[in-house]
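Atoms considered below: every heavy atom in the structure, side chains included; atoms not considered: hydrogens, waters and symmetry mates.
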Amino acid sequence: MISTFTMISAYFAVLMSILVPITITIYGLIKKKLVATPFMIGALMFFVMRIVIVGAITYGLTLIPVFNDLLNNSLFAAMVVVLILAVVDVLCKYFGYKFLLKAPDSIRDVMSIALGQGVAEVLMTIAQTAFYCLTIFNAINNGSIYEAVSETLTSADISELVVQYSAIKPDLLFYYGVSALCIMALHIIVSFFVVQARNRRDKRYLLFAFVIILGGLALMYALTIYSYLSALIAILIYTLVVGYLTYRYKIYNVQDTADIISV
């Protein structure tokens, strides 16, 4: 049986990774006048940069014997994935905004594309995992697990599946829920830095964008090797601090032509 607290954490993860992103999207499109076309462009940008490009790079690395052996180390693999994701994310955002953003001084259009990227990532990654966990949990608790997956798994496999899912801790699912919001927020924050680099032709903003996304990904990927609870707390604090600094220094104001970064 799955404990009540674990079930609560599973419902929380589904709520934060499915219902909240969809609600934010609907609210933004209807109430805040975000634009549907840039939103879809943002979702497509995520698919291209994370699924196609990153997938091709990581698959290519596994074909190199030396890298394939090194990737068996979980910490090294996390570092490589984080670095690849950060570089691809920033570069794809930069070229995407450079050629696809018709109104570079429109906060609304930037928000629409950035939100599309964030929602697409959450729905295509975290939401699927959280929903599958909740489905398996419910099947285990109501005794229908054998009927639910018997078509694809043997009895021995199902028994092992039950053991594996029964061992899942609530902090993993709470981490899924919190990280879903942080992912969407970081996409928006990084996007404003990238657009500032485009508008001002100042590559320092790209460097800041790279550092921000690298830090966020490192906390989300590397810390989870040791503790999901510590990763949850760290990524939440990190996102709040970065978000505050972005607001404090008005990086979001892509209409402003005054120099923001001073050395």
Side-chain angles (χ1 to χ4, degrees), residues 17 21 38-101 110 112-132 172 175-176 178-195 197-198 203 205-225 228 231 234-235 238-239 242:
S17 63
F39 178 88
M40 297 304 297
I41 290 174
L44 181 61
M45 283 174 61
F46 166 78
F47 179 82
V48 171
M49 65 186 181
R50 289 289 182 90
I51 307 301
V52 177
I53 298 178
V54 173
I57 293 173
T58 52
Y59 177 73
L61 290 177
T62 60
L63 299 179
I64 303 174
V66 175
F67 272 102
N68 194 31
D69 293 336
L70 291 173
L71 290 174
N72 290 327
N73 182 292
S74 57
L75 181 59
F76 178 81
M79 292 171 60
V80 171
V81 170
V82 164
L83 184 60
I84 293 173
L85 285 175
V87 172
V88 172
D89 194 278
V90 171
L91 290 180
C92 286
K93 274 183 167 64
Y94 178 74
F95 288 108
Y97 284 124
K98 184 175 182 179
F99 296 107
L100 299 176
L101 186 61
V110 176
S112 298
I113 295 179
L115 185 62
Q117 294 170 2
V119 171
E121 177 170 1
V122 170
L123 292 180
M124 295 176 67
T125 55
I126 295 176
Q128 294 185 35
T129 304
F131 184 76
Y132 185 73
L172 168 62
Y175 165 78
Y176 283 158
V178 172
S179 63
L181 293 182
C182 294
I183 286 171
M184 291 189 292
L186 287 175
H187 270 291
I188 294 172
I189 292 168
V190 170
S191 291
F192 280 120
F193 275 90
V194 172
V195 173
R198 175 198 186 279
K203 297 303 185 291
Y205 290 96
L206 277 185
L207 178 61
F208 276 92
F210 175 75
V211 171
I212 290 170
I213 195 66
L214 184 66
L217 289 171
L219 293 176
M220 282 190 280
Y221 281 83
L223 278 183
T224 53
I225 297 175
Y228 283 103
I235 190 60
Y238 179 83
T239 304
V242 172

Is there side-chain contact between I41 and M45, with at least one heavy-atom pair below 4.5 Å? yes
Please tell me if the side chains of K93 and M49 come closer than 4.5 Å, counting only heavy atoms from C-beta onward. yes
Separation of [Y] [atom2] from [X] [atom1] (nearest 0.5 Å):
X: L186; Y: L217; atom1: CG; atom2: CG; result: 8.0 Å
X: C182; Y: M220; atom1: SG; atom2: CE; result: 7.5 Å
X: Q117; Y: R50; atom1: CD; atom2: CZ; result: 9.0 Å
X: L83; Y: Y221; atom1: CG; atom2: OH; result: 13.0 Å
X: M79; Y: I225; atom1: CE; atom2: CD1; result: 9.5 Å
X: L214; Y: L85; atom1: CG; atom2: CG; result: 10.0 Å

Applying side-chain contact (heavy atoms from CB on, under 4.5 Å), run through V52 and F47 and close with a yes or a no. CA-CA 7 Å; V52 177; F47 179 82; 3.8 Å; yes
What pair of heavy atoms forms the shortest contact from [X] to [Y], and how long is it?
X: Y176; Y: I126; result: O-CG2, 3.6 Å
X: I188; Y: A114; result: CA-CB, 3.7 Å
X: L101; Y: R198; result: O-NH2, 3.9 Å
X: G216; Y: I235; result: O-CD1, 3.6 Å
X: I213; Y: F210; result: CG2-O, 3.3 Å
X: L223; Y: A234; result: CD1-CB, 3.6 Å

If you count heavy atoms of other groups shown closer than 6.0 angstrom to CZ of F76, is the number above 12?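 Correct, the count exceeds 12.
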Quick check: are there more than 12 heavy atoms from other residues, nucleotides or ligands sitting under 6.0 Å from CE of M124?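 Buried by this count: over 12 neighbours within 6.0 Å.
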Parallel, tilted or perpendicular: ring planes of H187 versus F46, cut at 30 and 60 degrees: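 Judged by the thresholds at 30° and 60°, the geometry between H187 and F46 is perpendicular.
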Pair Y97, S191: side-chain N/O donor-acceptor within cut-off below 3.5 Å: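 A donor-acceptor contact under 3.5 Å links the two side chains.
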Do L100 and F95 pass the side-chain contact (heavy atoms from CB on, under 4.5 Å) test, and can you show the C-alpha distance, the side-chain angles, and the key distance before you say yes or no? CA-CA 8 Å; L100 299 176; F95 288 108; over 6 Å; no
Please assess Y59 against V54 for the test side-chain contact (heavy atoms from CB on, under 4.5 Å), listing each intermediate value before the final yes or no. CA-CA 8 Å; Y59 177 73; V54 173; over 6 Å; no
Identify, with sequence neighbours excluded, every residue that meets ring pair (Phe, Tyr, Trp, His ring centres under 6.0 Å) alongside Y94.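 Y94 satisfies ring pair (Phe, Tyr, Trp, His ring centres under 6.0 Å) with no residue once adjacent residues are dropped.
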